[in-house]
Amino acid sequence: MNPKLATIEKVLSVHHYTDRLFKFRITRPQSFRFRSGEFVMIGLLQDDGKPLLRAYSVASPSWDEELEFFSIKVPDGPLTSRLQKIQPGDEILLGKKPTGTLVLDALTPGKRLYMFSTGTGFAPFASLIRDPETYEKFDEVIVTHTCRQVNELAYSVEMVEGLINDPLIGEMAQGKLRHYTTCTREDHPHTGRITTLVENGQLFDDLGVPKLDPATDRAMICGSMEMIRDTAELMEKAGLTEGSNAKPAEYVIEKAFAG
Ligand code: A2P
C-alpha cells in the first residue's frame with residue numbers, strides 16, 4: 001500500500017439499517033482535512049495485498065473528530081460485499097485527497113438551499129446539514145430523501161431528529177432545516193419520485209414555499225446517474241445553471257457512489 005495515497009484507519013462502529021444499507025464510523029487522522037459534502041476513496045486490502053478503493057461521500061461534518069460513511073451492500077460488489085462485514089477494530093484504508101462539487105463554495109449566495117437525494121445519495125447532505133456554515137449561508141435548508149421502501153429512510157430520519165436535539169447544531173438548524181421524505185414503492189405520507197413532485201409542484205405545495213426561482217434558490221443533487229440527469233433537467237427548466245468549484249452557480253451535482 002502506497003502511504004502517499006492512503007492511511008490505515010480503524011473501524012469504530014457499524015450499524016446496519018436494512019439488508020441493503022449500513023453506516024460505519026472510522027478514526028480520522030489529524031492531517032485529514034475536507035469540506036463538508038466532499039468524497040474520498042476508502043477501501044480494504046485484498047488477499048494479494050493490493051488495495052481495493054472506491055469513492056465514498058463523507059457523511060460526517062468537517063468539524064467531527066471521527067469520519068462517518070453510509071453505504072449500500074451489493075452482494076457481488078467487489079468492495080461492498082466485503083465492506084458490509086467490517087467490525088469495530090478492523091482496519092480500513094482512507095484516501096488522502098478528498099474532493100467534490102457538492103460544497104457550499106460551488107454555489108452562489110441564495111436564500112433557500114435544496115438538497116435532493118435518493119438512496120445513499122443522502123450521505124453528502126448528512127455532512128452538510130451538520131455544518132454550521134450551511135445555516136450561516138442560507139435562511140432555509142430543504143433536504144429531500146427518496147427511497148423505494150420506508151425502512152431505507154431510517155438513516156436520514158434518525159439523523160435529522162438527532163441533529164435538532166444536538167447542542168451545537170440544533171439551535172442553528174431549528175426553524176431552518178426541513179426534511180422531506182418520499183417513498184416510491186411503499187405507502188408513506190409522501191409518495192413518488194422527487195422529479196415528479198418537483199414537476200407537478202406537489203413538493204412546493206407540501207412545504208408551502210414558492211416554485212423554484214434562480215434569484216433565491218440553490219440546489220444540490222445526489223443520486224443515481226438517471227436521477228441526477230432528470231433532476232438537473234428540472235433545475236435548468238426553472239432557470240438555474242450548473243456550478244462548479246471553479247465557477248460557482250445555482251446548482252451542483254454528484255453521483256451517489258456504490259461498488
Ligand atoms: P423508483 O422506485 O420509481 O425507481 P435506487 O435504489 O434504484 O437507486 O432508487 C432510489 C430511489 O430513486 C427510488 O425511490 C427510485 O424510484 C428513485 N429514482 C430512480 N430513478 C430516478 C430518476 N430518474 N429520477 C428520480 N428518481 C429516481
Side-chain angles (χ1 to χ4, degrees), residues 15-24 37 39 54-59 69-81 83-84 100-102 113-129 142-160 178-207 209 211-212 217-240 242 250-259:
H15 182 83
H16 293 268
Y17 288 95
T18 69
D19 55 4
R20 291 210 316 147
L21 296 168
F22 71 113
K23 80 165 174 193
F24 55 95
F39 65 87
R54 291 285 184 273
Y56 269 82
S57 290
V58 183
F69 299 93
F70 182 44
S71 178
I72 197 153
K73 305 176 204 174
V74 183
D76 53 359
L79 180 62
T80 64
S81 60
L83 196 62
Q84 63 180 287
T101 46
L102 293 183
L113 174 60
Y114 285 93
M115 300 173 176
F116 297 110
S117 71
T118 54
T120 55
F122 179 77
F125 305 142
S127 173
L128 282 157
I129 62 174
I142 297 166
V143 57
T144 80
H145 191 204
T146 302
C147 290
R148 298 179 188 189
Q149 293 163 6
V150 176
N151 63 5
E152 294 173 331
L153 295 169
Y155 178 66
S156 73
V157 169
E158 165 194 291
M159 159 99 24
V160 173
R178 306 184 68 182
H179 189 212
Y180 186 90
T181 56
T182 87
C183 275
T184 49
R185 303 192 193 185
E186 253 181 22
D187 239 10
H188 189 64
H190 302 297
T191 55
R193 289 185 169 191
I194 196 64
T195 40
T196 309
L197 301 169
V198 168
E199 208 160 17
N200 67 15
Q202 186 72 43
L203 171 71
F204 311 108
D205 289 349
D206 286 343
L207 293 168
V209 295
K211 295 247 157 76
L212 286 171
D217 297 337
R218 301 293 171 262
M220 295 177 156
I221 307 168
C222 192
S224 64
M225 291 307 284
E226 295 75 24
M227 178 272 189
I228 292 170
R229 181 199 58 212
D230 295 349
T231 313
E233 203 177 297
L234 295 173
M235 299 303 114
E236 296 280 341
K237 248 193 209 164
L240 280 72
E242 187 181 345
E250 287 133 12
Y251 78 93
V252 283
I253 63 170
E254 200 114 80
K255 183 172 139 295
F257 308 103

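Just follow the structure's listing: the first ligand is 1, and inside any ligand the first atom is 1. Basis for what follows: all heavy atoms, side chains included, without hydrogens, waters or symmetry-related copies. No experiment lies behind these values; they were computed from the predicted model shown.
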Go through ligand 1 atom by atom and flag the ones less than 4.0 Å from a non-hydrogen atom of [X].
| X | result |
| --- | --- |
| E226 | 23 (N) |
| R20 | 6 (O) |
| T195 | 24 (N), 25 (C) |
| R185 | 1 (P), 2 (O), 4 (O) |
| D230 | 22 (C), 23 (N), 24 (N) |

State which residue, out of Y56, F24, F125, Y155, fulfils the ring pair (Phe, Tyr, Trp, His ring centres under 6.0 Å) condition with F70.
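Exactly one pass, corresponding to Y155.
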Which label fits Y180 and H190: parallel for a plane angle under 30°, tilted from 30 to 60°, or perpendicular past 60°?
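Aromatic pair Y180/H190 classed parallel.
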Parallel, tilted or perpendicular: ring planes of Y17 versus H15, cut at 30 and 60 degrees
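Rings of Y17 and H15: perpendicular, over 60°.
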Which pair of non-hydrogen atoms, one from L21 and one from I72, has the smallest distance, and what is that distance?
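Between these two residues, the closest heavy atoms are CD2-CA, 4.3 Å.
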From CA spacing to verdict: side chain to side chain contact (heavy atoms under 4.5 Å, CB included), R20, R148
CA-CA 11 Å; R20 291 210 316 147; R148 298 179 188 189; 4.0 Å; yes
Going by atom types only, do T118 and T146 share a side-chain donor-acceptor pair under 3.5 Å?
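Per modelled atom types, T118 and T146 side chains form no pair under 3.5 Å.
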Looking at non-hydrogen atoms alone, which of E186, R193, E233, M227 comes nearest to atom 19 (C) of ligand 1?
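Among E186, R193, E233, M227, the closest heavy atom to atom 19 (C) of ligand 1 comes from R193.
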So for ligand 1, is S224 a polar contact partner (N or O within less than 3.5 Å, distance only)?
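Checking ligand 1 against S224, no N or O pair falls under 3.5 Å apart.
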T184 N/O under 3.5 Å from ligand 1 N/O:
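Between T184 and ligand 1, an N or O pair is found under 3.5 Å apart.
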Does any non-hydrogen side-chain atom of F122 lie less than 4.5 Å from one of M115?
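No; the side chains remain at least 4.5 Å from each other.
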Considering the options Q84, K23, K73, which one meets the side-chain hydrogen bond (donor to acceptor under 3.5 Å, both in side chains) requirement together with H16?
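For H16, the side-chain hydrogen bond (donor to acceptor under 3.5 Å, both in side chains) test succeeds with only one of Q84, K23, K73, which is K73.
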Top protein contact for atom 6 (O) of ligand 1, by heavy-atom distance:
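The protein heavy atom lying closest is R148 NE, 3.1 Å.
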Among all the protein's non-hydrogen atoms, which is closest to atom 17 (C) of ligand 1, and how far away is it?
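Sorting protein heavy atoms by distance from atom 17 (C) of ligand 1 puts T118 CG2, 4.1 Å first.
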For ligand 1, is there an atom lying under 4.0 Å from some heavy atom of R229?
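No, that is not the case, since the closest heavy atom of the residue is not under 4.0 Å from the ligand.
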May I ask whether C147 places a heavy atom under 4.0 Å from ligand 1?
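The answer is yes: ligand 1 sits under 4.0 Å from a heavy atom of C147.
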Short check: is a protein heavy atom less than 4.0 Å from atom 4 (O) of ligand 1?
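True for atom 4 (O) of ligand 1.
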Using a heavy-atom cut-off of under 4.0 Å, does the side chain or the backbone of T146 touch ligand 1, or both, or neither?
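The part of T146 near ligand 1 is both the backbone and the side chain.
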Can R193 and E226 be counted as an ion pair, charged N to O under 4.0 angstrom?
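Here R193 does not pair with E226 in a salt bridge, since their nearest N and O are not under 4.0 Å apart.
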